[in-house]
A.B. asks: 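Sharing a structure with you now.
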Amino acid sequence: MRVVIVGGVAGGMSAAARLSRRDEGAEIIVLERGKYVSFANCGLPYYVGGEIEDSAKLLLHTPQTLKAALNLDVRINSEVTAIDPDGHCVTVSNTGTGEAYTLSYDHLILSPGALAARPPIDGLDSPRVHTLRTVDDALALREASGTRAIVLGAGFIGIEAAEALAARGFETHLVELAEHVLPPLEVEMATVVTQELRSLGVRVHAGVAAQAINHGDNHDSVTLSDGTVLHADVIVLSAGVRPDTAVVEAAGIQTRRGYVVIDEHGRTSADDIYAAGDGTLGRDHDRPVALAGPANRGGRLVADAIAAAEH
């Protein structure tokens, strides 16, 4: 049995590890578009803030350690550019050389993840604008210089980024379109979070939107919908995520609002194709949860479903 997994980190690597333990004879190939297949994404803000000093501590495994420990064939810099559900194969392109090849599978697991959402804000292409979703993002933010920072979006990552930058000594402003930080929470709980942020020196602007980023030679300025103008040397965009599923949609696999639709076992609408992680949406609920915990559980659930189907 050959199982091909598209995407590593939380969902993909959890599925690979679980399946290798459930079926030691399975051939498991993990295709990761980037150069890091297994890293502590929850630790990224703590590296930015300096609590984690060595970036190497963000890396959990390499292709070599995964081969030695679990007999996984992990291929980094390998982007899946097409999926053929009828032919049970994928097209893989090496992001460094451009070379492409076709890889067949008995079961395919999709862990496409998500990308940082980019709201319609003028000037968002400024070089001072950063995201915080990858190891490279964290490395860039750690090296960012200046004294003033603005974080756009007060979700989980936005709050952690604001805390990290404040700990670095930046004058930090946190901007949230909703009426309070952490919009999924009730206002009573969010108020406690806001008070804690302010005790850390973070200046919270809730119920306002960033309308434009004006580029300057020495710093940028951000104009808010209430007329406030904030100046920044560093801007972190953390306004939510969008599913990274263009290849999945092109293959005709069922999606909703861009998310891959899965059943209670992680199965998609295509035979022998499963999915887990930030880019998925259950058929019985309408709210995706872009967190590592659910992605890890989803990966293990898919592995169990495949192992059960083979025995």
Side-chain angles (χ1 to χ4, degrees), residues 3-19 29-34 36-39 41-42 44 74-76 78-85 90-93 95 105 107-119 131-135 137 153 155-157 184 237-303 305-306:
V3 179
V4 174
I5 301 176
V6 181
V9 196
M13 290 315 305
S14 292
R18 178 79 155 213
L19 193 56
I29 302 172
V30 181
L31 305 171
E32 168 56 43
R33 176 172 54 194
Y36 305 110
V37 71
S38 181
F39 63 88
N41 44 10
C42 294
L44 299 180
V74 177
R75 307 178 187 182
I76 58 174
S78 297
E79 181 176 12
V80 170
T81 57
I83 302 170
D84 180 359
V90 296
T91 301
V92 186
S93 176
T95 58
Y105 63 82
H107 299 281
L108 178 67
I109 301 175
L110 305 174
S111 182
L115 301 169
R118 297 184 66 84
T131 56
L132 186 54
R133 292 193 58 82
T134 69
V135 173
D137 289 343
F156 296 108
I157 300 299
L237 177 62
S238 185
V241 297
R242 57 184 177 85
D244 188 10
T245 55
V247 170
V248 181
E249 290 185 292
I253 297 168
Q254 182 186 1
T255 60
R256 185 160 73 244
R257 304 199 316 275
Y259 292 90
V260 185
V261 178
I262 57 174
D263 68 8
E264 65 274 16
H265 299 290
R267 293 177 297 213
T268 71
S269 62
D271 291 341
D272 301 315
I273 299 181
Y274 299 74
D278 294 356
T280 64
L281 190 65
R283 291 175 185 168
D284 58 347
H285 65 85
D286 200 45
R287 190 171 184 174
V289 181
L291 292 173
N296 286 326
R297 289 194 295 272
R300 292 192 292 268
L301 182 148
V302 165
I306 291 174

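The figures that follow rest on heavy atoms only: side chains count, while hydrogens, waters and symmetry mates do not.
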A.B. asks: Working to the nearest 0.5 angstrom, can you tell me the gap between Asp84 CG and Thr91 OG1?
C.D. replies: 8.0 Å
A.B. asks: Closest approach of Leu301 and Gly266, non-hydrogen atoms and distance?
C.D. replies: CD2-N, 3.6 Å
A.B. asks: Indicate whether any N or O donor in one side chain lies under 3.5 Å from an N or O acceptor in the other, for Glu79 and Thr95.
C.D. replies: no
A.B. asks: Would you confirm whether Ser14, through its side chain, and Gly299, through its main-chain N or O, come within 3.5 Å as a donor-acceptor pair?
C.D. replies: no
A.B. asks: Any idea which heavy atoms bring Ala270 and Ile253 closest together, and the distance?
C.D. replies: CB-CG1, 4.1 Å
A.B. asks: Please name the residue in the list Val37, Ile109, Val3 that meets the side chain to side chain contact (heavy atoms under 4.5 Å, CB included) test with Val30.
C.D. replies: Val37
A.B. asks: For a 4.5 angstrom cut-off between non-hydrogen side-chain atoms, does Thr268 reach Val248?
C.D. replies: no
A.B. asks: To the nearest 0.5 Å, tell me how far Ile5 CD1 sits from Ser111 OG.
C.D. replies: 8.5 Å
A.B. asks: Can you see which heavy atom on Ala116 is nearest to which on Arg242, and at what distance?
C.D. replies: O-NE, 4.0 Å
A.B. asks: So which atom in Met13 and which in Ser38 form the shortest heavy-atom distance, rounded to 0.1 Å?
C.D. replies: CG-CB, 4.3 Å
A.B. asks: Working to the nearest 0.5 angstrom, can you tell me the gap between Leu110 CG and Ile83 CD1?
C.D. replies: 5.0 Å
A.B. asks: Examine distances only and state if a side-chain atom of Ser269 and a backbone atom of Gln254 form a donor-acceptor pair shorter than 3.5 Å.
C.D. replies: yes
A.B. asks: Might you point out which heavy atoms bring Thr134 and Phe39 nearest each other, and give the distance in Å?
C.D. replies: CA-CZ, 4.3 Å
A.B. asks: How long is the gap from NE2 on His107 to CD1 on Ile306, to the nearest 0.5 Å?
C.D. replies: 5.5 Å
A.B. asks: State, to 0.1 Å, how close Leu237 and Pro119 come at their nearest heavy-atom pair, and which atoms those are.
C.D. replies: CD1-CD, 4.0 Å
A.B. asks: What pairs with Tyr105 under ring-ring contact (aromatic ring centres under 6.0 Å, His included), at least two apart in sequence or on another chain?
C.D. replies: His88
A.B. asks: For Gly8, is there any backbone N or O sitting under 3.5 Å from a side-chain donor or acceptor partner on Glu32?
C.D. replies: yes
A.B. asks: Should the pair Asp278-Arg133 be classified as a salt bridge under the 4.0 Å nitrogen-to-oxygen rule?
C.D. replies: yes
A.B. asks: Among all residues two or more places apart in sequence or in another chain, which pass the side chain to side chain contact (heavy atoms under 4.5 Å, CB included) test with Arg75?
C.D. replies: Ile29, Leu31, Asp73, Ser78, Tyr101, Leu103
A.B. asks: Roughly how far apart are Leu115 CG and Thr245 OG1, rounded to 0.5 Å?
C.D. replies: 9.0 Å
A.B. asks: Quick one: list whatever passes salt bridge (charged side-chain N to carboxylate O under 4.0 Å, His left out) with Asp263, sequence neighbours left out.
C.D. replies: Arg267
A.B. asks: Could you measure the distance from the CG atom of Asn41 to the CG atom of Asp137? Nearest 0.5 Å is fine.
C.D. replies: 11.5 Å
